[in-house]
Amino acid sequence: ECDGRRVLDAIDFKLAPGEIMGIAGVDGNGQRELVEILARIRTPTAGRIRLAANDGAMAVIPQNRDLDGLILDMSLWENLMLTRALRGRFTHRGWLRRSQATAYCGSLLERFQIRSSGAVSNAMTLSGGNRQRLAVARALAGAPAVLVAHDVCRGLDVRATAQVHRMIREFAAAGGAVLLISSDLDELLALSVRLAVICRGRLHALPEHDRSAERIGLLMSGVGV
């Protein structure tokens with residue numbers, strides 16, 4: 001609930017290893033609240049989330065990388081170390097081993113083709129596409145079991161979008177489960193094995209044989225519900 005009104009209702013789905021499930025919908029139909037619940041920023045009034053993997057094995061790439069994804073006043077290596085999964089690798093007796101963390105960050109910048117002035121440079125100096133690659137790199141480098149990606153390619157050019165799509169496919173091919181929430185229907189149709197539509201806070205699964213743009217459009221508008 002939000003401000004006394006129910007934002008999400010009857011949200012029920014399962015994700016299997018190696019699967020990409022897409023959720024389509026017009027902005028403002030509960031997508032942000034769903035992501036916040038999955039990220040444990042918001043507490044649901046009912047229901048539960050259960051991971052078969054270890055606790056904390058979920059990574060979230062939020063819709064707004066500048067407000068919710070990165071701290072622009074911090075360096076690239078500091079942004080990467082914000083996640084518990086990565087920070088734990090370079091912490092010994094409560095102390096962060098900065099030189100090792102910075103070196104690892106440098107390897108991630110190269111691996112994910114993030115153009116920057118180096119690991120110690122400020123996140124604010126990155127272009128939009130490189131900021132998004134940094135957010136994706138941080139999520140995937142932690143080796144999560146589940147990736148939740150919300151409008152992961154919004155604002156990116158064709159080349160950057162193709163790179164992010166490749167990363168998501170590779171993650172799923174390696175056994176990761178992906179929940180892809182997007183307002184880009186072409187993206188969802190290209191990547192998703194299963195597809196659902198969220199409208200007015202309710203989730204409606206699409207049968208595999210009926211993924212036409214017309215059917216999806218009706219569900220998104222609430223007409224086909």
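Counting from 1, the numbers follow the sequence of the chain as shown.
- Taken together through direct or relayed side-chain contacts under 4.5 Å among Ile, Leu, Val, Met, Phe, Trp and Tyr, L82 and L70 form parts of separate hydrophobic clusters.
- Rounding to the nearest 0.5 Å gives a distance of 6.5 Å between CE of M167 and CD of Q113.
- Put simply, CZ on F13 and CD1 on I23 are 5.5 Å apart, with the number rounded to the nearest 0.5 Å.
- Side-chain N/O atoms of E110 and S107 include no donor and acceptor closer than 3.5 Å.
- Here the side chains of L219 and R215 are in contact, with some heavy-atom distance below 4.5 Å.
- A 4.5 Å side-chain heavy-atom check between C153 and E187 finds at least one atom pair inside the cut-off.
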Test side chain to side chain contact (heavy atoms under 4.5 Å, CB included) applied to I11 and D9, step by step: CA-CA 6 Å; I11 300 293; D9 190 21; over 6 Å; no
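- Not a single donor-acceptor pair under 3.5 Å links the side chain of E36 to the backbone N or O of E33.
- Scanning all heavy atoms of the two residues, the minimum distance from V164 to V152 falls at CG1-CG2, 3.8 Å.
- A85 and G142 make their closest contact through CB-O, 3.8 Å (heavy atoms, listed as atom of the first residue, atom of the second, distance).
- In this structure, L180 and M21 have side chains that are not in contact, with every pair of non-hydrogen atoms separated by 4.5 Å or more.
- For the atom pair R154 CZ and Q132 CD, the distance stands at 11.0 Å (nearest 0.5 Å).
- Heavy-atom minimum distance, F171 versus A177: CE2-O, 3.5 Å.
- L8 has its side chain within reach of L34: a pair of non-hydrogen atoms, C-beta onward, lies under 4.5 Å apart.
- When all heavy atoms of A119 and L109 are compared, the closest pair comes out as N-CD1, 3.8 Å.
- L72 places a side-chain heavy atom less than 4.5 Å from the side chain of R131.
- Between L76 and V120, the closest side-chain pair of non-hydrogen atoms is not below 4.5 Å.
- Within a 6.0 Å radius of CG in D27, other residues, nucleotides and ligands contribute more than 12 heavy atoms.
- Atom CZ of R169 sits in a crowded spot, with more than 12 heavy atoms from other residues, nucleotides or ligands closer than 6.0 Å.
- We find the OG1-CG distance between T91 and L96 to be 5.0 Å, quoted to the nearest 0.5 Å.
- At distances below 3.5 Å, at least one donor-acceptor pair connects side-chain atoms of R138 with backbone N or O atoms of N79.
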Please test M58 against V148 for side chain to side chain contact (heavy atoms under 4.5 Å, CB included), starting from the C-alpha separation and ending with a verdict. CA-CA 7 Å; M58 179 186 294; V148 178; 3.9 Å; yes
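- With a 4.5 Å cut-off on side-chain heavy atoms, D184 and L188 do not count as touching.
- Linking ILVMFWY side-chain heavy atoms closer than 4.5 Å, directly or via other members, places L126 and M124 in a single hydrophobic cluster.
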From CA spacing to verdict: side chain to side chain donor-acceptor pair (under 3.5 Å), S183, D151: CA-CA 7 Å; S183 54; D151 279 330; 3.2 Å; yes
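- Not one N or O on the side chain of S192 forms a donor-acceptor pair closer than 3.5 Å with the backbone of L189.
- The CD1 atom of I198 sits 6.0 Å away from the CG atom of L203 when rounded to the nearest 0.5 Å.
- No more than 12 heavy-atom neighbours from other residues, nucleotides or ligands sit within 6.0 angstrom of CZ on R115.
- Put simply, the side chain of R65 gets close to the backbone of G128: a donor and an acceptor are under 3.5 Å apart.
- By the 4.5 Å heavy-atom criterion applied to side chains, I216 and L195 are counted as neighbours.
- Shown here for L140 and P144, the closest heavy-atom pair between the two residues is O-CD, 3.8 Å.
- Counting only N and O atoms by type, the side chains of N122 and T125 include no donor and acceptor under 3.5 Å apart.
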Residue pair Q63, V35: steps toward the side chain to side chain contact (heavy atoms under 4.5 Å, CB included) verdict: CA-CA 9 Å; Q63 183 183 50; V35 172; over 6 Å; no
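- Residues C105 and L80 come closest through the heavy atom pair SG-CD1, 3.1 Å.
- Side chain to side chain, R133 and Q163 meet the donor-acceptor criterion of an N or O pair below 3.5 Å.
- Counting only distance, with no hydrogens or angles, the side chain of R87 and the backbone of M81 share a donor-acceptor pair below 3.5 Å.
- Atoms CE and NE2, on M220 and H204 in that order, are 12.0 Å from each other to the nearest 0.5 Å.
- A donor-acceptor pair under 3.5 Å is formed between the side chain of Q31 and the backbone N or O of N29.
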The test is side chain to side chain contact (heavy atoms under 4.5 Å, CB included); show your working for Y104 and R89 and say whether it passes. CA-CA 10 Å; Y104 178 74; R89 297 183 191 179; 3.0 Å; yes
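- Hydrophobic clustering (side-chain heavy atoms under 4.5 Å, transitive across Ile, Leu, Val, Met, Phe, Trp, Tyr) keeps M74 apart from V136.
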Carefully, step by step, assess R32 and D68 under the rule salt bridge (Lys or Arg N to Asp or Glu O under 4.0 Å). CA-CA 11 Å; R32 181 181 179 86; D68 305 317; 3.4 Å; yes
